[in-house]
2 protein chains.
Amino acid sequence: MKKEAAKKASQNFLNGVPILLVLKLLSEKEMYGYEIVRAIHEKTGRSLSFPEGSIYPTLHVLEEDGHVKSREKAHNGRTRLYYAITPSGTKKLEQLTGEWRKVFQGVHLALDAGKAGLS
Amino acid sequence: MKKEAAKKASQNFLNGVPILLVLKLLSEKEMYGYEIVRAIHEKTGRSLSFPEGSIYPTLHVLEEDGHVKSREKAHNGRTRLYYAITPSGTKKLEQLTGEWRKVFQGVHLALDAGKAGLS
DNA sequence: TGGACATACCTAAACCTACTAGGTATAATA
DNA sequence: TATTATACCTAGTAGGTTTAGGTATGTCCA
């Protein structure tokens, strides 16, 4: 359940894109779950969508891991849970961004081999 | 409303990269499992590696789905199982390539928003 | 006043992919 | 002969994501 130490990084070809996107958004500003879902859709040029039900487990794991922290904020008598990125989250974001670029470049090389070099 | 039973799925943010790469390689020439593993490593600029033990289940699934077909070929008294892509596999490759580009563009937009246009 | 709808959050369980970690067997090399 | 490289294989599992359901409040409007 809890992966204390052995968080081991089996280099997945690609998972963690949702987390990457969430952390990226939160690095720009505090947001609440419901908002994040829609922001991802918009920020990705409406090409990717994150099922609404998926965001909460994702956020909870991120919080457990200390990558984000939440605080309640009232809004029109309704409570919203805003999430903010932590320093650890910023580090994680950098790491994931690096991995993303590596995978992306690797796949690109394989797909476009033979074609003119990519930038 | 109801989707067909088992098959379909979920717009994953990203899975299927291994399959994408395998099909891509096989679209260029017939290869055997052990060779594919090393080819992926090379073709991706040595940035991605596919665990050797992973390739066989992957190939078996691809064959079950009719995307590749295999034939034995002797080589120095040893038998190799060569895989070739099928028309169905070619279609699948196109589909996966399209999905890959969509995800890649979406993530890129989200990550680089604000920066100068990407190439 | 009440019904529909959007907002906002939540969770257990299922689902798939891909990985781990082990295995077999042959050929080449030292 | 022992070791290494080649070549294939599979059961079991991890782990990220989705599904499919749920609760509850606020807003709009007929």
Side-chain angles (χ1 to χ4, degrees), chain A residues 1-4 6-23 31-40 48-65 67 70-83 92 96 99-100 103, chain B residues 1-23 31-41 48-65 70-83 92 96 99 103:
Chain A
M1 318 315 270
K2 233 86 213 206
K3 51 290 170 98
E4 309 296 346
K7 177 95 167 206
K8 73 128 224 353
S10 67
Q11 82 131 355
N12 263 346
F13 271 90
L14 206 61
N15 273 332
V17 169
I19 288 180
L20 170 60
L21 295 178
V22 168
L23 288 178
M31 295 175 87
Y32 57 97
Y34 200 76
E35 185 185 10
I36 292 172
V37 169
R38 282 167 307 176
I40 284 181
L48 301 182
S49 37
F50 200 102
E52 192 239 312
S54 272
I55 195 67
Y56 300 105
T58 300
L59 286 171
H60 298 334
V61 168
L62 281 173
E63 184 156 34
E64 253 177 59
D65 291 348
H67 298 320
S70 62
R71 67 186 180 106
E72 291 191 357
K73 246 167 109 176
H75 176 80
N76 289 355
R78 168 173 305 168
T79 297
R80 286 174 176 170
L81 248 184
Y82 278 83
Y83 288 86
K92 181 76 176 174
L96 287 177
E99 277 172 24
W100 162 258
V103 170
Chain B
M1 323 324 200
K2 263 298 131 67
K3 26 177 130 160
E4 10 213 7
K7 211 58 182 227
K8 219 4 211 21
S10 50
Q11 287 260 45
N12 260 344
F13 270 90
L14 205 65
N15 275 332
V17 170
I19 289 180
L20 170 60
L21 295 179
V22 168
L23 288 178
M31 295 175 87
Y32 57 99
Y34 200 76
E35 185 185 9
I36 292 172
V37 169
R38 284 166 308 178
I40 285 180
H41 189 62
L48 301 181
S49 37
F50 199 101
E52 194 239 312
S54 271
I55 194 68
Y56 300 105
T58 300
L59 286 170
H60 298 333
V61 169
L62 281 173
E63 182 156 34
E64 254 176 58
D65 291 348
S70 61
R71 66 189 180 103
E72 291 190 359
K73 246 165 108 178
H75 176 80
N76 288 354
R78 168 173 307 167
T79 296
R80 285 174 177 169
L81 247 186
Y82 279 83
Y83 289 86
K92 181 77 176 172
L96 287 177
E99 278 173 22
V103 171

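Just so it is clear, the model here is predicted, and its values are computed rather than measured.
With B:S54 contributing its side chain and B:F50 its backbone, the two residues share no donor-acceptor pair below 3.5 Å. Side chain of B:H41 to backbone of B:L48: a donor-acceptor contact under 3.5 angstrom is found.
Computed from coordinates, the B:N76 CG to C:dT29 P distance equals 10 Å when rounded to whole Å. Distance, B:I40 CD1 to C:dA18 P: 11 Å, rounded to whole Å. In this entry the distance linking CG of A:L48 with C1' of D:dT18 reads 15 Å, nearest Å. Distance CD (A:E72) to C1' (D:dT25): 14 Å, rounded to an integer number of Å. Here D:dA7 presents its P atom at 18 Å from CZ of B:F50, a figure rounded to the nearest Å. Note: CD1 (B:I19) to P (C:dC19) measures 11 Å, nearest angstrom. Look at CG on A:L23: it is 13 Å from P on D:dG16, rounded to the nearest Å. C:dT17 atom C1' lies 15 Å from atom CG of B:L59, rounded to whole Å.
For the side-chain contact (heavy atoms from CB on, under 4.5 Å) criterion with A:V61, the lone passing option out of A:D65, A:T58, A:L59 is A:D65.
Here A:L81 pairs with A:S70, A:E72, A:Y83 under the side chain to side chain contact (heavy atoms under 4.5 Å, CB included) rule; sequence neighbours left out.
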Atom pairs and distances, donor-acceptor, side-chain atoms in residues 32-40 of chain A, under 3.5 Å, two or more places apart:
from	atom 1	to	atom 2	distance (Å)
A:Y32	OH	A:R80	NH2	3.1
A:E35	OE1	A:Y32	N	3.2
A:R38	NE	A:Y34	O	3.3

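Put simply, CD1 on A:I55 and NE2 on A:H60 are 10.0 Å apart, with the number rounded to the nearest 0.5 Å.
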Would you tabulate the nitrogen or oxygen pairs shorter than 3.5 Å linking the protein to nucleotides 7-11 of chain C?
from	atom 1	to	atom 2	distance (Å)
C:dT7	O2	A:R78	NH1	3.0
C:dA8	OP1	A:R80	NE	2.7
C:dA8	OP1	A:R80	NH2	2.4
C:dA8	OP2	A:Y32	OH	2.7
C:dC9	OP1	A:L81	N	2.7
C:dC9	OP2	A:G33	N	3.3
C:dC9	OP2	A:Y34	N	2.9
C:dC9	OP2	A:Y56	OH	3.4
C:dC9	N4	A:E52	OE2	3.0
C:dT11	OP2	A:H60	NE2	3.2
C:dT11	O4	A:G53	O	3.2

